[in-house]
Amino acid sequence: MNDLNALVMAAQSAFEGCHTQADLENAKAQFLGKTGRITELMKGLATLPTEEKKLQGAAINQAKQAVEMSLTQRRQALADEELSSQLKAQALDVGLPGRLRPTGGLHPVSLTLERIEQIFDSMGFEVAQGPEIETDWYNFTALNTPEDHPARSMHDTFYVEGGYLLRTHTSPMQIRHAVSHVKRHQALLDAGQVMPEIRVIAPGRTYRVDSDATHSPMFHQCEGLWIGENISFKDLKVVFTDFCRTFFESSDLVLRFRPSFFPFTEPSAEIDIQFPSGPLAGRWLEVAGSGQVHPQVIRNMGLDPEHYMGFAFGMGPDRLTMLRYGVNDLRLFFDGDIRFLSQFR
Ligand code: DAH
């Protein structure tokens with residue numbers, strides 16, 4: 001009996017000493033295999049007398065069951081260990097902070113352009129786009145600025161092969177848009193009828209040989225044009241005042257139309273604004289050129305200046321952005337420094 005207990009304990013400690021399933025199968029063979037120690041004991045029963053056989057047989061069977069049980073337990077323990085070390089190896093640490101993906105935002109000047117478009121849209125203006133590489137005709141001549149005109153010297157620009165130039169202002173869009181508008185309604189005009197009014201703004205990039213804190217060789221302008229049968233300077237004042245007060249969210253904003261000269265308008269005015277309060281209060285700040293469209297320009301649009309008249313203006317969205325956000329150096333807009341740009345998100 002004691003021998004059997006010792007045998008069971010030997011089997012248990014052999015199984016405990018195994019750390020892989022393969023080792024455990026080898027250890028099992030030593031006790032339960034064909035020539036294993038338990039099996040050998042069973043074989044030895046054959047030579048015993050019947051009574052003895054019964055007693056010994058039952059004891060050996062018990063020992064065998066005990067060995068089998070500890071084998072099963074060890075198998076399970078090894079499987080558990082394997083699983084938990086696998087889980088540890090594949091661990092997902094949900095405690096790690098997430099990776100930040102910063103969201104982009106519109107450039108401050110783009111925000112201003114969107115705002116300008118929204119406000120003029122609410123006043124019934126279309127938005128037109130035109131080429132940045134222009135012909136001399138659209139940029140100067142059609143705008144009543146012939147080749148020897150001194151006004152050209154203020155518009156030094158970059159000339160491109162083939163007689164093209166980088167447009168110095170968005171004013172060429174007055175002609176381009178008006179000409180295509182007139183073409184579309186030529187049948188009405190030929191029949192002596194009145195064509196629908198031209199009411200458009202044209203924002204975009206413009207170029208001049210200029211560079212300092214308030215001038216950049218590439219800058220933005222937004223042109224405005226309203227042509228009809230009886231559109232006058234009075235309408236310009238109403239529209240532009242309304243625009244400025246909406247844009248700057250200040251109903252007390254004051255405007256001044258200061259006499260000036262542009263070849264394509266007569267009379268012409270520069271438009272200044274004055275804030276009623278805030279850091280810029282009391283100063284006159286120039287925001288646009290404007291005027292009543294010159295009869296020669298009306299003619300170049302394909303219209304009769306005896307029947308059609310209107311106003312035009314050209315403003316600087318870069319400058320409007322500087323005023324709105326209190327930025328004092330224009331170059332910041334075009335440096336592309338994310339620390340500056342992210343403040344407008
Ligand atoms: N194109 C002019 C410039 O860049 C600005 C301007 C003045 C535009 C008068 C206009 C206007 O439409 O009527 O200096």
Side-chain angles (χ1 to χ4, degrees), residues 1-115 117-118 205 218 321 324-327 329 331-345:
M1 281 298 172
N2 277 340
D3 285 353
L4 281 176
N5 276 341
L7 183 58
V8 169
M9 277 164 67
Q12 273 172 353
S13 77
F15 296 158
E16 287 302 320
C18 295
H19 294 283
T20 66
Q21 297 286 4
D23 284 352
L24 189 59
E25 291 314 306
N26 283 337
K28 169 195 164 188
Q30 285 173 31
F31 295 92
L32 300 169
K34 267 186 198 157
T35 58
R37 289 165 69 181
I38 301 272
T39 322
E40 290 300 326
L41 286 177
M42 295 284 208
K43 287 179 192 161
L45 287 177
T47 56
L48 292 180
T50 317
E51 274 311 297
E52 195 80 340
K53 210 189 259 175
K54 258 192 185 165
L55 275 175
Q56 285 281 3
I60 295 171
N61 247 338
Q62 239 178 14
K64 189 185 174 193
Q65 278 169 11
V67 170
E68 278 171 343
M69 184 144 80
S70 73
L71 175 69
T72 309
Q73 280 171 355
R74 188 63 191 149
R75 266 195 194 130
Q76 189 57 50
L78 281 182
D80 287 352
E81 259 173 42
E82 207 173 304
L83 180 65
S84 76
S85 75
Q86 240 176 38
L87 286 177
K88 228 181 248 169
Q90 299 167 355
L92 169 70
D93 183 356
V94 291
L96 269 180
R99 259 179 230 140
L100 196 67
R101 261 175 208 261
T103 47
L106 283 182
H107 189 279
V109 174
S110 301
L111 292 172
T112 294
L113 291 174
E114 277 199 344
R115 200 170 163 76
E117 289 175 18
Q118 268 168 19
R205 276 186 283 266
M218 188 288 294
T321 313
R324 178 147 193 253
Y325 296 110
V327 175
D329 192 331
R331 290 169 291 199
L332 287 167
F333 290 142
F334 309 120
D335 283 346
D337 189 329
I338 207 81
R339 290 168 303 179
F340 171 73
L341 297 175
S342 62
Q343 297 175 60
F344 300 90
R345 271 214 299 267

Worksheet item: Would one find more than 12 heavy atoms of other residues, nucleotides or ligands at under 6.0 Å from atom CD of Gln21?
Response: yes
Item to complete: Using modelled atom types only, decide if a donor and an acceptor are shared between the side chain of Gln62 and the backbone of Ala58 within a distance under 3.5 Å.
Response: no
Worksheet item: Roughly how far, to the nearest 0.5 Å, is the CD1 atom of Ile38 from the NZ atom of Lys64?
Response: 8.5 Å
Practice prompt. Output the distance between atom CD (Glu16) and atom CE (Met9), rounded to the nearest 0.5 Å.
Written response: 12.0 Å
Worksheet entry | His107 side-chain N/O to Phe333 backbone N/O, donor-acceptor pair under 3.5 Å | yes
Worksheet entry | By side-chain contact (heavy atoms from CB on, under 4.5 Å) - contacts of Leu71 (at least two apart) | Phe15, Leu24, Lys28, Leu32, Arg75
Worksheet entry | Audit row: Glu52, Leu45, side-chain contact (heavy atoms from CB on, under 4.5 Å) steps and yes/no | CA-CA 8 Å; Glu52 195 80 340; Leu45 287 177; over 6 Å; no
Discussion item. Treating Thr72 as the side-chain partner and Glu68 as the backbone partner, does any N or O pair qualify as donor plus acceptor under 3.5 Å?
Written reply: yes
Worksheet, complete the sentence: In this structure, CZ of Arg345 is separated from CG of Leu111 (nearest 0.5 Å) by 12.0 Å
Discussion item. Looking only at side-chain N and O atoms, does Asn26 offer a donor or acceptor that is under 3.5 Å from a partner on Gln30?
Written reply: no
Worksheet item: Could you state the interatomic distance from CD (Gln65) to CE (Met69), rounded to the nearest 0.5 Å?
Response: 8.5 Å
Worksheet entry | Flag side-chain contact, heavy atom, 4.5 Å: Leu4 against Ile60 | yes
Discussion item. Is it true that, when you exclude Lys53 itself, more than 12 heavy atoms of the residues, nucleotides or ligands shown sit nearer than 6.0 Å to its NZ?
Written reply: yes
Item to complete: Starting at OG of Ser110, measure out to CZ of Arg115 and round the result to the nearest 0.5 Å.
Response: 14.5 Å
Fill in: Atom NZ of Lys88: over 12 foreign heavy atoms under 6.0 Å
no
Worksheet item: Rounded to the nearest 0.5 Å, what separation is found between the OG1 atom of Thr112 and the CZ atom of Phe344?
Response: 9.0 Å
Item to complete: Dump the intermediate steps for side-chain contact (heavy atoms from CB on, under 4.5 Å) on Asp329 and Phe340, then the final yes or no.
Response: CA-CA 12 Å; Asp329 192 331; Phe340 171 73; over 6 Å; no
Worksheet item: Hey, are Arg37 and Glu40 close enough for a salt bridge, meaning a charged N less than 4.0 Å from a carboxylate O?
Response: no
Worksheet item: Of the non-hydrogen atoms in Val8 and Ala66, which two are nearest, and what is the gap between them?
Response: CG1-CB, 3.9 Å
